[in-house]
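Since the structure comes first, as structure tokens, the remarks are kept for the end.
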2 protein chains.
Amino acid sequence: MQKPLILISNDDSIASKGIKTLAAIMSQLGEVVVVAPDSHQSGMGHAITLDRPLRVSEVHNFLPGVKAYQCSGTPADCVKFGKHYVLKGRKIDLVVSGINHGSNSSIAVIYSGTMSAAIEAAIEGIPAIGFSLCEFGADIEFGHGEPYIKQIAQTILDNGLPHGVALNVNIPAKKEEAIKGIKICRQTDALFRESFEERKDPYGRAYYWMDGYLQNDDKGGNTDEDALKENYIAIVPVKFDLTDYKAIDVLKSLKLGE
Amino acid sequence: MQKPLILISNDDSIASKGIKTLAAIMSQLGEVVVVAPDSHQSGMGHAITLDRPLRVSEVHNFLPGVKAYQCSGTPADCVKFGKHYVLKGRKIDLVVSGINHGSNSSIAVIYSGTMSAAIEAAIEGIPAIGFSLCEFGADIEFGHGEPYIKQIAQTILDNGLPHGVALNVNIPAKKEEAIKGIKICRQTDALFRESFEERKDPYGRAYYWMDGYLQNDDKGGNTDEDALKENYIAIVPVKFDLTDYKAIDVLKSLKLGE
């Protein structure tokens with residue numbers, strides 16, 4: 001039997017610990033090809049590169065048995081380039097993105113480069129999963145997530161996903177024995193409360209650093225934030241059809257159009 | 001009665017014809033403040049700027065009676081900066097984005113900087129609309145869309161929008177008399193078919209230009225692509241809750257989690 005073909009990307013760059021960890025896990029499940037940004041692309045949302053060309057280089061000695069490429073573009077560019085150029089004509093069985101250094105739960109999914117790679121794959125009709133660990137830092141510990149990542153990826157390899165859906169998987173930054181299991185959740189309805197810190201450059205001109213924290217006023221049940229707080233791994237199925245079907249009737253009632 | 005406060009952004013930059021046209025229309029409806037990117041940000045999706053600070057400058061003589069600022073960040077950054085810094089403490093009644101030079105219908109909504117500004121406002125709880133004209137070019141004609149843009153904006157100023165919803169408005173590039181009216185639609189389930197053209201730089205090294213076309217195999221009814229083809233202005237209500245609620249049960253049936 002032929003091994004499944006797995007394409008990997010991320011937004012923390014080819015140099016991150018998270019993508020190497022993910023590639024090592026996926027190598028146990030199939031043939032792995034990596035196409036990842038050559039520099040940090042966090043917060044890139046679903047950006048694509050239209051105003052300049054892409055540079056791509058093979059990365060030697062990434063992991064034994066794994067072909068790896070770095071690309072000057074965004075995570076979504078990497079998936080497009082991986083599918084249409086590097087793996088042209090081959091059927092990709094799974095796209096995985098991550099493991100992100102930091103949470104992509106709740107509204108962060110909108111800003112997430114990690115998830116844009118997974119959603120791009122879903123648009124292309126490929127089953128796709130984004131994995132994130134809820135902790136920042138270059139040298140964080142991913143070990144406790146490995147058996148779950150392997151299980152989730154194998155389940156999707158075996159069963160596929162419905163059309164138009166990708167998985168957003170967030171893993172608590174806890175010891176393995178603390179993890180209670182996996183919950184299937186909805187996206188928490190929360191938002192980042194931003195502030196802008198004004199500083200002056202050496203020439204007296206102002207510049208502004210954006211900072212923020214997640215403000216969660218969602219009191220409903222079954223949210224990914226609640227699951228993570230209770231030490232569950234949270235899986236949210238996300239879709240790229242942004243239509244709010246209920247709002248169609250609201251707009252019609254305003255006589256805005258047929 | 002106090003005039004409504006309208007914040008405007010876009011992704012084609014403060015220098016574009018589209019944003020000046022939109023600001024002139026909105027000036028008939030309320031007090032207008034513009035915070036827009038200082039350079040082209042098309043295809044930026046919902047990117048935000050985390051790895052460097054923002055620069056912001058007031059733009060003098062943008063339009064009479066209109067305060068305008070240019071910002072080094074993305075469209076989503078501009079809305080955040082507009083709300084939390086420029087208009088700190090003031091209630092914004094409407095955010096409008098555009099008028100984009102080019103369509104943001106169908107799957108383009110995912111990659112669109114124009115729509116990211118509108119969706120960012122919706123996340124902040126502000127009624128928001130992205131306007132796009134289905135034609136590229138720096139000097140395109142917006143006149144036929146103006147009465148519709150004014151009508152749509154006034155309707156939303158009067159009635160608001162449901163929580164979590166922004167409007168994606170696309171306008172056919174036709175003469176005024178050809179426009180048949182407005183249709184409330186769903187997002188077409190189509191995708192861009194990309195290709196990568198390899199070129200060599202003067203030093204013999206490869207680089208790649210991404211190009212693509214929209215492949216629309218959506219045979220269902222009430223899509224924005226169909227409405228545009230029939231010379232209707234297409235409005236799709238879009239949401240930032242990406243959860244695919246139907247897929248939650250599918251995942252539970254796979255025994256992936258509780």
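Proteins get letters first, then strands, A, B, ... in listed order; numbering begins at 1 in each. Worth knowing before you read on, the calculation uses all heavy atoms, side chains too, and leaves out hydrogens, waters and symmetry mates.
At a 4.5 Å heavy-atom cutoff, A/Thr188 makes no contact with chain B through either its backbone or its side chain. If you measure heavy-atom distances from A/Ile156 to chain B, the contacts under 4.5 Å come from the side chain alone. Using a 4.5 Å cut-off between heavy atoms, A/Ile235 touches chain B through its side chain atoms alone. A/Cys71 does not touch chain B: none of its heavy atoms, backbone or side chain, sits under 4.5 Å away. Proximity to chain A (any heavy atom under 4.5 Å) is shown, for B/Thr74, by neither the backbone nor the side chain. In this structure, the portions of A/Leu54 lying under 4.5 Å from any heavy atom of chain B include both its backbone and its side chain. If you measure heavy-atom distances from A/Asn159 to chain B, the contacts under 4.5 Å come from the side chain alone. For A/Met210, the part sitting under 4.5 Å from any heavy atom of chain B is the side chain, from C-beta outward, and nothing else. Proximity to chain B (any heavy atom under 4.5 Å) is shown, for A/Lys246, by neither the backbone nor the side chain.
Look at A/Glu124 and B/Arg193 and you find a salt bridge, because one of the NZ, NE, NH1 or NH2 atoms lies within 4.0 Å of a carboxylate O, short of that distance.
A heavy-atom distance below 4.5 Å is not found between the side chains of B/Asp244 and A/Pro162. Proximity of A/Leu167 to B/Leu251: side-chain heavy atoms (C-beta onward) are separated by under 4.5 Å at one or more points.
A side-chain N or O of A/Tyr111 and one of B/Glu120 form a donor-acceptor pair less than 3.5 Å apart.
Heavy-atom minimum distance, B/Leu50 versus A/Gly43: CD1-CA, 4.0 Å.
Checked against side-chain hydrogen bond (donor to acceptor under 3.5 Å, both in side chains), B/Asp217 has the following partners two or more places apart in sequence or in another chain: B/Gln215.
Within 6.0 Å of NZ in B/Lys252 there are more than 12 heavy atoms belonging to other residues, nucleotides or ligands.
Within the model, atoms NZ of B/Lys80 and OG of A/Ser195 stand 11.0 Å from one another, a figure rounded to the nearest 0.5 Å. Note that CD1 of B/Ile107 is 3.5 Å distant from CD1 of A/Ile123, once rounded to the nearest 0.5 Å.
Heavy-atom pairs under 4.5 Å with chain B peak, among A/Lys255, A/Met44, A/Glu194, at A/Glu194. When each of B/Gln41, B/His163, B/Arg55 is checked for heavy-atom pairs under 4.5 Å with chain A, B/Arg55 comes out on top. Interface summary for chain B: among A/Val109, A/Asp51, A/Ile110, A/Ile119, the most heavy-atom pairs under 4.5 angstrom belong to A/Ile110. Chosen from A/Gly257, A/Ser112, A/Ser42, A/Pro237, the residue pairing most often with chain B at heavy-atom distances under 4.5 Å is A/Pro237. If you tally non-hydrogen atom pairs under 4.5 Å between each of A/His40, A/Gln151, A/Arg52, A/Lys83 and chain B, the highest count goes to A/Arg52. Put simply, of A/Ile233, A/Asn222, A/Leu254, the one with the most heavy-atom pairs under 4.5 Å next to chain B is A/Leu254.
Using non-hydrogen atoms only and a strict 4.5 Å limit, the part of residues 197-209 of chain A facing chain B consists of A/Glu198, A/Asp201, A/Arg205, A/Ala206, A/Tyr207, A/Tyr208, A/Trp209.
In terms of modelled atom types and a separation under 3.5 Å, the side chain of B/Gln187 and the main chain of A/Leu242 share a donor-acceptor contact. For the pair A/Thr243 (side chain) and B/Val238 (backbone), a donor-acceptor distance under 3.5 Å is absent.
Using a 30° and 60° split on the angle between ring planes, B/Phe196 and A/Phe81 fall in the perpendicular class, above 60°.
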Report the C-alpha distance between B/Asp241 and A/Asp189 in whole Å, list the side-chain angles of each, state the deciding distance to 0.1 Å, and finish with yes or no for side-chain contact (heavy atoms from CB on, under 4.5 Å).
CA-CA 7 Å; B/Asp241 177 4; A/Asp189 187 11; over 6 Å; no
